[in-house]
Structure formats: C-alpha cells, structure tokens
Amino acid sequence: MKPPIKKNDEITLDITALTSQGSGVGHFDGFAVFVEGAAVGDRLIAHIIKVKSTYAVGVIRQLLRPSKDRIAPACPVAERCGGCSFQHISYAAECEHKRLRVQDALQRIGAFDLTVDEFLPAPYTAHYRNKAQYPIGLTADGRTCVGFYAKRSHRIVDCRACALQPPEFSAILDVIVRWAAQYGVSIYDEASGKGLLRHIYLRKGFTTGDIMVCPVVTDRNVPHIDALTEELRAQNEHIKSIVLNVNAARTNVVLGSECHTVFGSDFITDTLCGLTFQLSPLSFYQVNPAGAQMLYQKAADLAALTGKETVLDLYCGTGTIGLSMAHRAKRVIGVEIIPQAIENAKENAKRGGIENAEFFCADAAQAAAKLLEAGTAPDVVILDPPRKGCSADTLQAVAAMEPDRIVYVSCDPATLARDCKALQTRGYTLKTAVGVDMFPRTVHVECVTLMTRSQPVQ
Ligand code: SAH
C-alpha cells in the first residue's frame, strides 16, 4: 500500500490501541500512524514527522477530544523523561493495556486459543523502586542537572523527585549537588570524558529502611569526601553505607568494577519472601520487591509444590525464585550464567539456612543437557530468561527431561509466546497465563505461564 500521507501533513486521528512501546496507534485510510503520549479514545490532530512504507509517526498537534483514560501526570517532567510512558493514563487503563498485550502475544505469535483473565496490578504504583542511578551533568549555561535521560537520548532531564523512587532520595541528591558546587568537585562531561562525578546511585532496603549512597566517579581520589559523608549523615540518619564506585571508562555502562567504602558497611540488607539479602553496589536485586514477591507467589502457586518435588530453576540469578520455594520442595537446583550471581545465590541459601538447594554456574541449555544425561528428572522447571527468551536448545533439553510442569516467568510476552509454542510442539499444553505488573507507569510487563505435560514426546 502506498502511504496515503507524507511528512508534515496534519491529519485527524482516532487512537484505538497502544503499541508495546506505549505509543498510541490510529489508522488513516487504513494506514497505521503511531503517536507518542496518546491514549486510547483520543481524537487528535497529528503532525506527521516520519513516513515509512508500512507506518507513519506523528506528534500530537492538538487534542480534539481527550480519552476518558487521561489523567494529570504525577510528575512534571513525564512528557520529557524516558522513564515513564503511562503517566498520562489511569492505572486501570494501563493494566488493561498490559493484559491485552500479553493476550495478544499469546494469541498472535503463539497461536494459542487462550484469554488472559488474570492480571495482577502492582501493590504500589508510586515510590515502588528501591534503586536509582541518576546521571549528573552540566547544562549549556553551566547549571548542574541531575535526573534521568530523555527518551532515546543522553540528554539529562533535571528531575530530583521521581514519582517512582523513594521520596527521601531527592534530598540526598540536593546534598550531593550542593557539596559538589561548594567544593568545586567537577561534573563529568560525556562528550569530552572529563570531570569527576558522573552518576549518583542510590539504593534502599525497604524492610530495614537502610540507604546506600554510591557516587560514581572517574577517580577514587575525591576531594572533601569527609565533608560529603558528614553532610549526608546529617541529612538522613538511615544512610548506613557510602561507597565510591570508580568508572573511568568512556562507556554508557554506569558502574565500574572498583568499589571503596567511605562510610559504614559495604552493603545494606533487605528481606524478600522471608529471605535476607545483602545489597552491595554491584549485586543484582529486584528493584520492586513488593511486585517481585507477588510474582514469585504466583509462580509458586502455579508450581503447586507439595514438598516431594525436584525443582529446576533455570536462569536463577541470585536464586530468589528457587529459594523462595525451597521449603515446599524436596530439592532445588539453580542454574545461572553469571558467576557472581551464583556466589550470591549460595550465600543467600546459607544465610536463610536452606540446605536443599544447589546452584551451578552454566549456560541454561548446557546445564539442562548435562542434568538430563546424569538422569536428573525435575518435576517442575522454572524458566525466567532475559528478554530474548530461551534458546531452542534449552527448550529441547527442558522438554526432554519431561517435567510435569513448566512455569515460565517472562518480561517479554512476544518471546514467551514463541517459546510456549515451541514447548507445545514438544508435548506441553499451555494451561494458564497471568499478567503481572511489576513496573507501573512504564512500558514493562511481566507474565507467568503454566504448561503441563500432555504426552511424552516420541
Ligand atoms: N530468576 C532471577 C533472575 C532472572 S533475570 C530473578 O528472579 O531474580 C535472567 C537471568 O538469566 C539473569 O540473571 C542472566 O544472567 C541469566 N542468563 C542469561 N543468559 C543465560 C544463559 N544462557 N544461561 C543461564 N543463565 C542465563
């Protein structure tokens, strides 16, 4: 179809759906037009900024009839900041969009005849994150700005009071910015690679209230660090750890590998699913612990453990899912490719007094093939891969073990649908799919599915 519009056209559009990236979609003479910041039900005039062979992109020129889903954003920089995509619609509308996204993927990509009837909204939709990494930089007129990157850009949007972060983080940012100005501590410039202070990384343990402050710097010799320590402690008595992270590399990666504790402990602690976790600057931890608990609870329900089962937790990270189920299983085997995460998983098990869990550092496919060869027959396999999903080899090896149940936790409905389809051809039936919102106001959606073995594969 030849595009019926061209760049700079202004067209009237009814928005009928949202894309997986959170943009509104409308059709002009049957041709798809994507509009960022639009809501389902909006009638608007869109200014066309890009035309491709199968779609166009527009920006809102005028809102003729706003959607009933629209609400006032809880954040003044919502439209510019790259963090949130759904500050402009009600939470109910966001959940419905996410439920449909999971259902659509399973129906269209997986060809499953299944509706997603269960969607678990997040326990909290604001201040739910326990971790922030704020870039810090200078504006053209020399002002210090600290906040978040704008969408698809490395321009920093000044935002010290993010609606998703703990409220007390903003005063901590103020202290650091003030200290840097007072003592002439230089701010990192991405273009030249010069300057000392490049990110402010903050973490909070929600159950303990403890806070870690981690300035990311290009050199460990930070002038007047004692003054900073003093001012931070005076500002917030819950700051239990101040650690410098050194990152001198010209890279987008936020953290370097070198850490130096300048005050308090090397880590803070938190509890999740009844287990205690130590959070050091480099250790992985769920950023929305309340949401994670809800997700793991649902995964455990679907796993339907009775205490007799062997559970294989593939892609186990620091072991959270498997460990949270260990008291309801006979044996838990965790597999993960990052050595440090496996070390953490072992420590987490030890700290929790869990003796029926083992952890191996290996590629999921290779580990599954090895376990199969060794005659290990898990009753339940948990899959929680990164966004790209499982490799074909992994799915083959998992199916070859013939577990009764496969519980698949996913952060990308599209790859989940693809992998469930592959498992279906290997004798598994998709029983249940539940959408879970771990990251309110952002485009991310999690889901968890249960597949059961219908017949042995010939
Ligand atoms: N289940 C964990 C972590 C899930 S994130 C939790 O809930 O916290 C996905 C994990 O898969 C990451 O820790 C990543 O390091 C790991 N991973 C990625 N590719 C892998 C592979 N090929 N084999 C094993 N683990 C892998």
Side-chain angles (χ1 to χ4, degrees), residues 120 122 129-131 203 205-206 253 255 270-280 282-303 311-326 329 332-349 352 354 357-372 378 380-398 401 406-413 415-416 419 422 434 436-439 444-449:
L120 306 178
R129 286 186 58 103
N130 59 9
K131 164 181 164 176
R203 271 186 137 173
F206 278 165
V253 179
L255 299 176
D270 196 19
T271 54
L272 185 78
C273 299
L275 299 160
T276 305
F277 291 89
Q278 292 186 341
L279 286 55
S280 54
L282 299 178
S283 64
F284 172 82
Y285 188 61
Q286 293 290 342
V287 296
N288 175 0
Q293 273 186 172
M294 178 177 74
L295 175 68
Y296 296 164
Q297 184 58 52
K298 182 45 77 178
D301 289 350
L302 295 177
V311 177
L312 173 59
D313 182 9
L314 280 182
Y315 310 91
C316 71
T318 52
T320 348
I321 301 184
L323 289 174
S324 69
M325 294 180 182
V332 170
I333 305 165
V335 173
E336 157 66 44
I337 206 158
I338 296 184
Q340 205 200 357
I342 284 294
E343 288 312 309
N344 289 155
K346 287 180 180 165
E347 286 159 24
N348 293 337
I354 295 170
E358 310 141 65
F359 293 96
F360 300 101
C361 184
D363 166 69
Q366 285 171 8
K370 254 200 192 140
L371 288 165
L372 178 68
V380 175
V381 173
I382 312 281
L383 300 171
D384 183 12
R387 201 148 289 162
K388 67 175 193 259
C390 299
S391 68
D393 288 354
T394 307
L395 296 173
Q396 186 190 351
V398 166
M401 290 183 190
I406 300 175
V407 177
Y408 193 140
V409 177
S410 163
C411 55
D412 186 337
T415 55
L416 169 83
D419 291 352
V434 181
V436 182
D437 192 24
M438 292 257 280
F439 304 105
H444 303 290
V445 60
E446 297 270 326
C447 39
V448 51
T449 58

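Reckoned from all heavy atoms, side chains included, excluding hydrogens, waters and symmetry mates. Just so you know, ligand 1 is whichever comes first in the structure, and atom 1 is the first atom listed for that ligand. Given the structure is predicted, the values throughout are model-derived calculations rather than measurements. We're numbering straight along the sequence, starting at 1.
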Peer 1: Near Gln286, which atoms of ligand 1 are under 4.0 Å from a heavy atom of that residue?
Peer 2: 6 (C), 7 (O), 8 (O)
Peer 1: Under a 4.0 angstrom heavy-atom cut-off, which atoms of ligand 1 come close to Ile338?
Peer 2: 15 (O)
Peer 1: Of all the non-hydrogen atoms in the protein, which one sits nearest to atom 23 (N) of ligand 1, and at what distance?
Peer 2: Ala364 N, 2.8 Å
Peer 1: Carefully, step by step, assess Tyr296 and Gln286 under the rule side chain to side chain contact (heavy atoms under 4.5 Å, CB included).
Peer 2: CA-CA 11 Å; Tyr296 296 164; Gln286 293 290 342; 2.6 Å; yes
Peer 1: How far is atom 1 (N) of ligand 1 from its nearest protein heavy atom, and which residue and atom name does that atom have?
Peer 2: Asp384 OD2, 2.8 Å
Peer 1: Have a look at Leu272 and tell me which of Asn348, Thr320, Leu323 forms a side-chain contact (heavy atoms from CB on, under 4.5 Å) with it.
Peer 2: Thr320
Peer 1: Evaluating non-hydrogen atoms only, which member of Cys390, Cys411, Pro386 is closest to atom 19 (N) of ligand 1?
Peer 2: Pro386
Peer 1: Considering non-hydrogen atoms of the protein only, which is the closest contact for atom 3 (C) of ligand 1, and what is the distance?
Peer 2: Tyr315 O, 3.7 Å
Peer 1: For Gln297, what residues pass the side chain to side chain donor-acceptor pair (under 3.5 Å) criterion, not counting sequence neighbours?
Peer 2: Asp301
Peer 1: List the closest protein heavy-atom neighbour of atom 15 (O) of ligand 1: residue, atom name, distance to the nearest 0.1 Å.
Peer 2: Glu336 OE2, 2.6 Å
Peer 1: Using a 4.0 Å heavy-atom cut-off, say whether Ile337 meets ligand 1 through its side chain, its backbone, both or neither.
Peer 2: both
Peer 1: Let me check something: any side-chain donor-acceptor pairs from residues 359-370 under 3.5 Å, sequence neighbours excluded? List them with distances.
Peer 2:
| unit_1 | atom_1 | unit_2 | atom_2 | d |
| --- | --- | --- | --- | --- |
| Asp363 | OD2 | Ala365 | N | 3.2 |
| Asp363 | OD2 | Gln366 | N | 3.1 |

Peer 1: Which one holds for Ala341 and ligand 1: side chain close, backbone close, both close, or neither close, with close meaning a heavy atom under 4.0 Å?
Peer 2: neither
Peer 1: Please state whether Ala362 comes within less than 4.0 angstrom of ligand 1, counting heavy atoms only.
Peer 2: yes
Peer 1: Under 3.5 Å, is there a donor-acceptor pair between the side chain of Gln293 and the main chain of Cys273?
Peer 2: yes
Peer 1: Have a look at Cys316 and tell me which of Val332, Ile333, Ile342, Asp384 forms a side-chain contact (heavy atoms from CB on, under 4.5 Å) with it.
Peer 2: Ile342
Peer 1: Can you tell me which portion of Ile321 lies within the under-4.0 Å heavy-atom range of ligand 1? Options are side chain, backbone, both, or neither.
Peer 2: side chain
Peer 1: Out of Thr394, Val335, Val409, which one pairs with Tyr315 under the side-chain contact (heavy atoms from CB on, under 4.5 Å) rule?
Peer 2: Thr394
Peer 1: Decide whether the shortest distance between a heavy atom of Cys316 and an atom of ligand 1 is less than 4.0 Å.
Peer 2: yes
Peer 1: Compare all side-chain heavy atoms of Arg203 with those of Ser283 and state whether any distance is below 4.5 angstrom.
Peer 2: yes
Peer 1: Please walk me through it: do Arg387 and His444 pass side chain to side chain contact (heavy atoms under 4.5 Å, CB included)?
Peer 2: CA-CA 11 Å; Arg387 201 148 289 162; His444 303 290; 3.6 Å; yes
Peer 1: How about Leu279 and Lys131: do any of their side-chain heavy atoms sit closer than 4.5 Å?
Peer 2: no
Peer 1: Against heavy atoms of Phe284, which atoms of ligand 1 measure under 4.0 Å?
Peer 2: 8 (O)
Peer 1: Using heavy atoms and a 4.0 Å limit, tell me yes or no: is Asp363 in contact with ligand 1?
Peer 2: yes
Peer 1: For atom 7 (O) of ligand 1, what is the closest protein heavy atom, and at what distance to 0.1 Å?
Peer 2: Tyr296 OH, 2.7 Å
